[in-house]
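Below: the structure, in C-alpha cells.
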Amino acid sequence: MSEWAEKVIGIFSNRRDDILRMWLESQQKNGYRGMYERIGERELYRQSNDLFEAMIDAAGQVGFASVRKPEWQAVADLVAEITAQRTRTGFSVMETVTYVFALKTVLIEILRQEQPDDIGCFVAEVVTITHALDEMALIATSAYVKTREEIILRQQQEMLDLSTPVIRVWDGILVLPLIGTLDSSRSQVITETLLQEIVSSNSDIAILDISGVPLVDTLVAQHILKTMAAARLMGAECIISGIRPEIAQTIVHLGVDLSQIKTKATLAGALKWAFDMRQLTVVHNAKR
Amino acid sequence: MIDIVPVAVEEDLVRVRQKVRQWAATYALSTLKTVKMQTAASELARNILVYAGTGTVFFSAIDGPRREFQIIFEDQGPGIADIEQALQDGYTTGSGMGIGLPGTKRLVDHFEIVSAPGQGTRVIIAMRI
Ligand SMILES: Nc1ncnc2c1ncn2[C@@H]1O[C@H](COP(=O)(O)OP(=O)(O)OP(=O)(O)O)[C@@H](O)[C@H]1O
Ligand SMILES: [Mg+2]
C-alpha cells in the first residue's frame, strides 16, 4: 500500500463520526421516503456503522485497491445481507443501491476537505475509492436481483398451492383443471383433494383436464396414473382431456404407456363422454 | 454464448425448463421440438437431483455438419455402473418408471452418456436447429 493510501484510511478513521452522520443524512435524503419507519433509526445506524467498520478494517489490511481479495469478503457479505433485507422490506432497486453510492459521495467529500498538497495522489485515491464502491454497488445490485427472484419463486409456489380447484360440473361429474408445473408436493395435494371430493360429492366420473400443464414428463405421467388408479379404487372412472398434439407425441416417444387410459382431445369431448356414460342427453331447443 | 444453470433443489427444474424454452425460441425451434427438449431436460435434470443431489446444466449452440442446440447435464454423483442396463425401458433403482434415460434418448436427435462409479455422470443431448 502506498503512503497516501494508508493516510487516507487514517483520515477516514479519524472522521468516522462525520462520515456516518453525513452518510445517514444522505441516505435519508436520496429518495428514501419512509425509510426510518421501515427500517428503524437504530437499525439503520447499526447497518451503516457495521458496514463502515468492516470496510475500514478490510482497507486497513489490503487497501481500497484490492476489493477482490478475501479480506474484503466480510464487506461483500454485509452489503449482500443489508441489500437482501431492504429488498424484502419492499425498497426499489434505486432506493436499495443508492446507499452505497451515498457513501462514495461522502468519502470523496471528506477527502476533498482534507485535500493534500499533492493533487496527483488525491486524484489517484479518489479513483481507487470510486472503483471499490462501484464494486460494492454491483454486489448490492446482484443481491437485489437474487432476492427478488426468490420472492417471485415463492409467490409462484404459493399461488400454485392454492389453485387446485375441483369443479362439480354436473351431478356425479367432477372436473379437475390442472394448471402449471406439477411437482411432487403439489401432485400430492391434487390427488388428495380429488379423492376427498369424490367421496363428499358422491361422484363416479372425474375429468382430469391437463390443457394447462406445460409438460408431461415421467414424473407427471406417473402422478396422473397414480391419481387415476386411486380414483378408480374409490369407484370413480377417470378420463383425461386437453392433451395437446405436441404433448401427445412427446408422451409416445418417451414411452409412457397411457393405452389403458381414456382420453379425449378437449374438455368438451370428455364432458360429452361423461354425459353418455350417465345416459344424459343435451337437447338443442328448437327456435320458436 | 453459453448458459449455465445449477441444479440443487426442485425449483431449479423449472428454471432448466424455462431456459430450454428461451433457447428454443432464439433458434425458432418448432413447438414439438421445444416440448421434446423440455421434457428431455426435465428428465435428466431430475435424475441429477434424485441420484446425484446436485449438478450443473450447460446450454449452448454448436456448429457441426449441422447446427445443433446442445444441453449437457453434469454431476459428481455416484455414477452408473451398467449404462446399458440403465438405458433399458423399465429399469430403475429408485421409485420411478425407469423410462427417463431411454425415453430421453428417443426424444432427441443426439444422445450421449458418459458415466462410471465414483466418476459422476455426464449426459449430452442435442437437437438439430
Ligand atoms: N445422474 C445419475 N447419477 C446416478 N445414477 C443415475 C443417474 N441418472 C440415472 N441413474 C440411474 O439410472 C437408472 C435409470 O434412470 P431413468 O431416468 O431411466 O429412470 P428413473 O429415474 O429410475 O425413473 P423415471 O425417470 O422413469 O422416473 C436410475 O434408476 C438410476 O439408478
Ligand atoms: Mg429418471
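Chain letters run A, B, ... following the sequence lines, proteins first and then strands; every chain starts at 1.
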Problem set entry | Residue that, paired with Leu174(A), satisfies side-chain contact (heavy atoms from CB on, under 4.5 Å) out of Ile205(A), Asp204(A), Leu194(A) |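 Going through Ile205(A), Asp204(A), Leu194(A) one by one, the side-chain contact (heavy atoms from CB on, under 4.5 Å) with Leu174(A) is satisfied by Leu194(A) alone.
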Problem set entry | Choice from Val14(B), Thr39(B), Thr34(B), Leu13(B) maximising heavy atom contacts with chain A below 4.5 Å |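 Among the listed options, the one with the most contacts to chain A is Thr39(B).
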Exercise. Any side-chain donor-acceptor pair under 3.5 Å between Thr83(A) and Tyr99(A)?
Worked result: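 Yes, side-chain donor-acceptor contact under 3.5 Å.
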For this session: Name the region of Glu150(A), side chain, backbone, both or neither, that has any atom closer than 4.5 Å to a heavy atom of chain B.
Result: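 Neither part.
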For this session: Tell me, for Val216(A) versus chain B, whether the close heavy atoms (under 4.5 Å) come from the side chain, the backbone, both or neither.
Result: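 Just its backbone gets close to chain B.
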Exercise. Can you list every pair that meets salt bridge (Lys or Arg N to Asp or Glu O under 4.0 Å) and has a residue in residues 246-268 of chain A, with sequence neighbours left out?
Worked result: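 Qualifying pairs: Arg244(A)-Glu246(A).
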Exercise. For residues 33-56 of chain B, which residue pairs qualify under salt bridge (Lys or Arg N to Asp or Glu O under 4.0 Å), counting only residues two or more places apart or in two chains?
Worked result: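 For residues 33-56 of chain B: Asp217(A)-Arg46(B).
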Exercise. Heavy-atom distance under 4.5 Å to chain A: side chain of Gln38(B), backbone, both or neither?
Worked result: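 Interface part for Gln38(B): both.
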